[in-house]
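In what follows, every chain begins at residue 1, and chains take the letters A, B, ... in the order their sequences are listed.
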Protein chains: 2
Amino acid sequence: MPSIRDVARLAGVSHQTVSRVLNDHPSIRPETKAKVLDAISVLDYRPNLAARALVTSKSNILGVLSATIGEFGPTSSIAGIEDAAREEGYSVSTLNLGATTPEAIGNAVRQLAREQVDGIVVLAPQVRVFHVLRGMTVEMPFVSLQTASGSDGVTLSADQVAGARAATEHLISLGHSDILHLAGPQDWIEAESRMRGYLDGLREADLPTFPPIRGDWTADFGYFAGQELSRRRDFTAVFAANDLMAIGLMHGFRDAGVRVPHDVSVIGFDDIPVAAHVAPTLSTVHQDFPELGRRAVRILLAQIRGEAVPEFGPLQTLLRTRESTASR
Amino acid sequence: MPSIRDVARLAGVSHQTVSRVLNDHPSIRPETKAKVLDAISVLDYRPNLAARALVTSKSNILGVLSATIGEFGPTSSIAGIEDAAREEGYSVSTLNLGATTPEAIGNAVRQLAREQVDGIVVLAPQVRVFHVLRGMTVEMPFVSLQTASGSDGVTLSADQVAGARAATEHLISLGHSDILHLAGPQDWIEAESRMRGYLDGLREADLPTFPPIRGDWTADFGYFAGQELSRRRDFTAVFAANDLMAIGLMHGFRDAGVRVPHDVSVIGFDDIPVAAHVAPTLSTVHQDFPELGRRAVRILLAQIRGEAVPEFGPLQTLLRTRESTASR
DNA sequence: TTGTAGGCGTTATCAA
DNA sequence: TTGATAACGCCTACAA
């Protein structure tokens with residue numbers, strides 16, 4: 001592997017001059033620069049990133065801390081994060097959190113710190129992860145994809161509340177007045193936002209709210225909930241906090257003889273690729289996961305570079321009505 | 001940030017001794033080691049990975065080259081890769097391939113090489129990606145998750161062929177004799193393997209084979225195929241190369257008035273989480289994606305370390321029969 | 001068993 | 001506009 005000195009020798013300049021060319025230093029004579037660039041391409045020289053990281057103590061690596069495996073939303077966002085990061089010349093080091101204990105989180109962050117990542121994008125949407133991060137002694141810029149709105153400056157949110165509210169209002173507009181919510185786990189920021197949207201929508205319409213059923217995002221839980229709920233007859237619609245649970249729910253209903261949408265309307269959240277193809281096709285709320293990831297990177301980089309943090313409008317969600325919701 | 005010399009000073013030894021402790025050098029007096037470890041924990045010292053990478057020209061980073069976004073299988077495998085890599089003290093740098101042109105692949109590999117990754121796990125299962133990699137001038141150990149079996153030493157395969165064959169045989173055992181295959185894209189290794197399993201199963205049973213329908217893995221394509229196939233009446237079962245297409249296919253059939261499994265049996269591949277919950281529930285072939293990732297890492301690390309490459313038995317797939325397949 | 005000297009490839013600082 | 005010199009934090013080699 002050629003080094004900067006090999007380039008310098010070939011170009012007949014000092015290695016320092018090569019460095020200047022590499023870093024777009026302003027004061028350098030065009031013809032010198034040309035010579036250097038020539039030598040670079042002849043030798044197929046590539047700067048050694050480790051050496052650069054050592055001396056600048058900047059790695060040009062962004063860490064991604066995730067706590068979700070194989071799920072459509074987060075993984076789509078990660079793709080967005082990577083694209084945006086690469087575009088800006090950063091590489092991406094991902095780390096999967098097994099547990100979300102404070103200890104595990106601390107270790108993960110320390111590990112990323114060891115790798116000298118310049119900042120971290122967090123996709124571990126539990127409230128407590130957020131708290132742990134804020135309390136960390138390791139100083140490190142970070143952005144949480146699911147940051148609760150209103151948290152000191154670092155706000156980034158697909159408007160989950162508005163989306164959930166739109167879903168609820170859709171059900172209301174169809175004539176439903178007894179609407180249940182199959183919520184996500186208690187500790188999850190997104191679960192809270194979607195529940196809030198649900199509650200807001202109902203309150204605004206002066207309709208009764210029900211205590212939410214707490215799920216775990218999985219289709220299996222949805223199935224279980226469907227079986228259980230089939231015994232109740234005090235509702236005509238369910239808003240599930242994500243599509244997976246909604247699909248499981250419909251399955252549970254089906255097995256219990258409850259027809260969707262004839263007896264009960266169901267709406268989900270996320271618009272995963274199968275939502276349009278299950279039977280009945282699932283009404284849901286679409287969101288642009290990759291864009292969320294891209295925005296997170298822009299915000300993080302602004303923080304790292306000390307620039308003004310860009311203000312994005314809330315990322316729009318989009319209601320997709322399909323067969324699973326019908327008028328009462 | 002404390003350096004190795006700060007630790008040395010506090011422990012009253014030379015920085016070299018600290019380095020020895022760090023690297024588990026054999027000849028070091030226990031009490032000296034204790035002193036050093038003490039100083040390390042007092043200062044909360046963490047080795048600078050960039051410095052280490054610079055001098056050893058090993059980064060302890062594994063690159064992951066992927067060409068799939070948000071899909072369940074690959075992303076699950078990536079999780080396995082990360083876990084295994086972290087366990088072995090490696091971090092993971094992921095890079096998403098936009099296009100799979102030779103040029104894009106070359107750039108991606110060069111980028112990872114710049115980052116000094118010690119090896120690459122490739123999740124870009126197109127045949128041509130594999131070829132490009134083999135022909136690269138950049139010397140770099142790599143493992144492809146979907147390596148075609150029999151390719152020089154670096155073999156790693158969930159037994160797609162056997163799984164696809166099991167799926168086909170399941171249909172045959174139910175009394176079907178006219179079985180179509182909804183295949184993946186031409187260039188994909190997995191698509192070829194699954195198609196081969198299909199062909200093998202049919203030939204073994206002396207049943208007619210049909211030219212496969214070439215899909216693109218998406219549910220939308222499956223839907224389209226379902227619509228088209230509903231015009232044909234020369235088959236009673238379809239083996240789809242993945243669950244997403246199978247689910248879309250069932251949707252297409254449904255919309256065209258073809259009943260599954262009454263008129264046509266359908267079986268998929270992958271066992272994605274919703275497969276057990278769609279209507280009808282989808283028979284499919286389960287495979288352990290995370291384990292695939294873990295194995296890839298073990299093989300790659302063996303290559304990197306110059307150890308004997310572990311020989312794994314083919315990763316078993318598991319037939320899951322559900323409602324979408326019924327006897328003729 | 002421990003310490004000293006040198007260098008990995010780059011950028012920063014200062015001088016020319 | 002350019003060049004010489006000194007770090008950055010660590011490891012390898014050799015010496016003690």
J.: Under 4.0 Å from OP1 or OP2 of dG9(D): is there any side-chain N or O of S3(B) that close?
T.: no

J.: Over how many whole Å does the gap from L49(B) atom CG to dC8(D) atom P extend?
T.: 19 Å

J.: For a quick check of understanding: with a heavy-atom distance under 4.0 Å over all strands, which category does T32(A) fall into, base, sugar-phosphate or nothing?
T.: sugar-phosphate

J.: Quick check on DNA chain C: between V55(A) and K33(B), whose nearest nucleotide comes earlier from the 5' end?
T.: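 Comparing both residues, the 5'-ward one is K33(B).
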
J.: Is there a side-chain polar atom (N or O) of S19(B) under 4.0 Å from OP1 or OP2 of dC11(D)?
T.: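 So the side chain of S19(B) is within the cut-off, an N or O lying under 4.0 Å from OP1 or OP2 of dC11(D).
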
J.: My understanding is that only one of R294(B), R298(B), R305(B) makes a salt bridge (charged side-chain N to carboxylate O under 4.0 Å, His left out) with E88(B); could you say which?
T.: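 Only one of R294(B), R298(B), R305(B) forms a salt bridge (charged side-chain N to carboxylate O under 4.0 Å, His left out) with E88(B), namely R305(B).
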
J.: For Q116(B) and dC10(D), give me the distance from atom CD to atom C1', rounded to whole Å.
T.: 14 Å

J.: For the side chain of R20(A) and the base of dG3(D), is some donor closer than 3.5 Å to an acceptor across the two?
T.: yes

J.: Between dG3(C) and T17(B), is there an OP1 or OP2 to side-chain N/O distance shorter than 4.0 Å?
T.: yes

J.: I'd like to know if H25(A) reaches the base of dT1(D) with its side chain, counting only an N/O donor and acceptor under 3.5 Å.
T.: no

J.: Identify which nucleotide among dC10(D), dC11(D), dT10(C) has an atom closest to any side-chain atom of T56(B), counting heavy atoms from C-beta outward.
T.: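 For T56(B), the side-chain atoms sit closest to dC11(D).
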
J.: With heavy atoms under 4.0 Å as the rule, sort S27(B) into base, sugar-phosphate or nothing.
T.: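 Here S27(B) touches the bases of the nucleic acid.
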
J.: In whole Å, what is the span from the CZ atom of R9(B) to the P atom of dT4(C)?
T.: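 R9(B) atom CZ is separated from dT4(C) atom P by 13 Å.
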
J.: Name the nucleic acid region contacted by I28(B), choosing base, sugar-phosphate or nothing; use a 4.0 angstrom heavy-atom cut-off, strictly under.
T.: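 Sugar-phosphate: the residue I28(B), judged by heavy atoms under 4.0 Å, touches backbone atoms but no base.
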
J.: Rounded to the Å, how far apart are R5(A) CZ and dG3(D) C1'?
T.: 12 Å

J.: Looking only at heavy atoms, which two atoms of A85(B) and V92(B) are closest? And how far apart?
T.: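 Heavy atoms only, the tightest pair is CB-CG2, 3.5 Å.
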
J.: Counting only heavy atoms not in E307(B), do more than 12 fall under 6.0 Å of its CD?
T.: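 Atom CD in E307(B) is packed in, count exceeds 12.
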
J.: Check whether any side-chain N or O of R52(B) sits under 4.0 Å from OP1 or OP2 of dC11(D), and answer yes or no.
T.: yes

J.: If you only use heavy atoms from C-beta on, which nucleotide in dT10(C), dA13(D), dG9(D) is closest to the side chain of Q16(B)?
T.: dA13(D)

J.: Quick check: does any side chain N or O of N48(B) sit under 3.5 Å from a backbone N or O of A50(B), one acting as donor and the other as acceptor?
T.: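 Checked: pair present.
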
J.: Report yes or no: does S93(A) contribute a side-chain atom to a donor-acceptor pair with the main-chain N or O of G63(A) at less than 3.5 Å?
T.: no

J.: Hey, does the side chain of N48(A) come within less than 4.0 Å of dC8(C)'s phosphate (OP1/OP2), counting only N and O?
T.: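 Negative; the distance criterion is not met.
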
J.: Of H15(B) and V18(A), whose closest DNA chain C nucleotide lies nearer the 5' terminus?
T.: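 First, find each residue's nearest nucleotide; the 5'-ward one identifies H15(B).
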
